[in-house]
There are 2 protein chains.
Amino acid sequence: MTDTPAAAPAGGPRRGRARGSYAKTEARRQEILAAAFEVFSTSGYRAGSLKDVADKVGLTQAGLLHHFPSKEALLEAVLTLRDEESMIRLSTAEAKGLDLLRGLVELTCYNTTIPGLVSLYCVLSAESTDPEHPAHAYFQRRYDWVRGTIVEAFTEVGRQGHLRTGVAPMAAARQLIALMDGLQVQWLLDNASVDMPGEVVAFLEAITTEKFQPASGPA
Amino acid sequence: MTDTPAAAPAGGPRRGRARGSYAKTEARRQEILAAAFEVFSTSGYRAGSLKDVADKVGLTQAGLLHHFPSKEALLEAVLTLRDEESMIRLSTAEAKGLDLLRGLVELTCYNTTIPGLVSLYCVLSAESTDPEHPAHAYFQRRYDWVRGTIVEAFTEVGRQGHLRTGVAPMAAARQLIALMDGLQVQWLLDNASVDMPGEVVAFLEAITTEKFQPASGPA
DNA sequence: GTCTATATGGCGATAGAC
DNA sequence: GTCTATCGCCATATAGAC
């Protein structure tokens, strides 16, 4: 880790001596992360193997371990990467209250296009329920953060009088998260027959006094 | 399978020559099923090993395979057994409509006392999302059956005018199942801070006009 | 940076003794 | 009914050549 560049030259070659080897290594890392993501998504962490990942990028298993010191380190890198991407999607948008909830509906729509990512989190979050699992702490932290964010949103919605009477922000947050998680399992088992965004919208409209139809309807 | 008795002499020895070996074998099978249940619960099917199971009952791995021909057969036996037990708990009670929904609240309370079983279904349902998983068809069938049962209940509740306006039985069923599934993950990650029955009750009271407090409140 | 080779160990399953 | 022994395979990780 000591002398690897923090990021690839994303905006284009840095002009001058581009030190091609660095860029190539970083590109390789990205390839590996993408492959690992796919493998962990469909098989989970424990059942997914380094060889599966290596094969996908045309490396041997030993060659792969040159880029990541261990399987566990690879998992951590995958989780960190997807987290950064999703934080950019959701939280950096600085959405609050109703806007954040609408953002969640959009996120659900988006999830519909990436079964791999949905699968990754379904399988890993269930697997990591075991305190011995390498991602256990990660998921505890993640759920805390997500719940906190959504509790804030519901609290704000309540302050503006858009929450139906008797609905507690904390309970609403837990239920919304559970609903989204649970829908994913049903959806992964049978994509065609489950309208995830539709169900989330229905739930939100049941506990608030607002409308949540996504911009482009289910047409 | 050809000459194994269908069931153990549950009510007591059958009087006369009890053919002790049969009873002993059947008892062994039950022990094995209980152990397999524990192992699959915490590690999932793919990561849980026959040796783990064998160790728990003081057998070698080979000895275990005398009772079940393969790992897959063992999984199937575990699932079938738990299914029979849960059908007895829920459906044999002939509950309909509101009673069935109240039964689900009770079931959630009960689940709170058996993290092992909850873990089994969380991990396996996520794992089995992969079409190649040996339990894939099982879970598709299971969700179909559960959903059908709950849709019926909500339909009946609607007929009696206890469903809030705008709530569709099908959507309500999907959401309720998703909620229950999703809550389990949060609960398994941090038992203490999640009141599963409370959240289920809150949801049911949000979409119906009935009260659902379980008999013995959360006092 | 990637390879081959290897160490080390777990897996599910089978054969056959007792 | 349970064991030991073994097969064949796959796993993660390391050593060292190129």
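Sequence lines set the chain letters: A, B, ... in the order given, protein chains first and strands last, and positions in each chain run from 1. Nothing here was measured: the structure is a model prediction, and the numbers come from that model.
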I need the [atom1]-[atom2] distance between [X] and [N], as an integer number of Å.
{"X": "His66(A)", "N": "dA13(D)", "atom1": "NE2", "atom2": "P", "value": "16 Å"}
{"X": "His67(B)", "N": "dC3(D)", "atom1": "NE2", "atom2": "P", "value": "9 Å"}
{"X": "Phe40(B)", "N": "dC11(C)", "atom1": "CZ", "atom2": "P", "value": "12 Å"}
{"X": "Asp52(A)", "N": "dA11(D)", "atom1": "CG", "atom2": "P", "value": "6 Å"}
{"X": "Lys51(B)", "N": "dC3(D)", "atom1": "NZ", "atom2": "C1'", "value": "14 Å"}
{"X": "Glu26(A)", "N": "dG1(C)", "atom1": "CD", "atom2": "P", "value": "11 Å"}
{"X": "Phe68(B)", "N": "dG12(C)", "atom1": "CZ", "atom2": "C1'", "value": "16 Å"}
{"X": "Ile32(B)", "N": "dT2(D)", "atom1": "CD1", "atom2": "C1'", "value": "11 Å"}

Between [X] and [Y] (side chain of the first, backbone of the second, donor and acceptor by atom type, cut-off under 3.5 Å), is there such a pair?
{"X": "Lys71(B)", "Y": "Tyr45(B)", "answer": "yes"}
{"X": "Gln175(A)", "Y": "Leu179(B)", "answer": "no"}
{"X": "Ser128(A)", "Y": "Ser125(A)", "answer": "yes"}

> Does Arg142(B) make a cation-pi contact with Tyr121(B) (under 6.0 Å, within 45 degrees of the axis)?
Replying inline: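 Here Arg142(B) passes the 6.0 Å and 45° test against Tyr121(B).
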
>> What verdict does the salt bridge (Lys or Arg N to Asp or Glu O under 4.0 Å) test give for Lys51(B) and Asp55(B), after you've listed the backbone C-alpha separation in whole Å, the side-chain angles of each residue and the deciding distance to 0.1 Å?
In response: CA-CA 6 Å; Lys51(B) 179 163 195 310; Asp55(B) 285 351; 2.9 Å; yes

> Between residues 53-65 of chain A and DNA chain D, which residues have a heavy-atom gap below 4.0 Å?
Replying inline: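 Hits under 4.0 Å, by residue number: Gln61(A), Ala62(A), Leu65(A).
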
> Considering only dT2(C), dA13(C), dT2(D), which nucleotide approaches the side chain of Arg28(A) most closely?
Replying inline: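 From the listed options, dT2(C) comes nearest.
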
> According to a strict under-4.0 Å criterion, is Ser49(B) in side-chain N/O contact with OP1 or OP2 of dG10(C)?
Replying inline: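 No, outside the criterion.
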
> Is the CD atom of Glu76(B) crowded by more than 12 outside heavy atoms at less than 6.0 Å?
Replying inline: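 At most 12 heavy atoms, drawn from other residues, nucleotides or ligands, come within 6.0 Å of this atom.
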
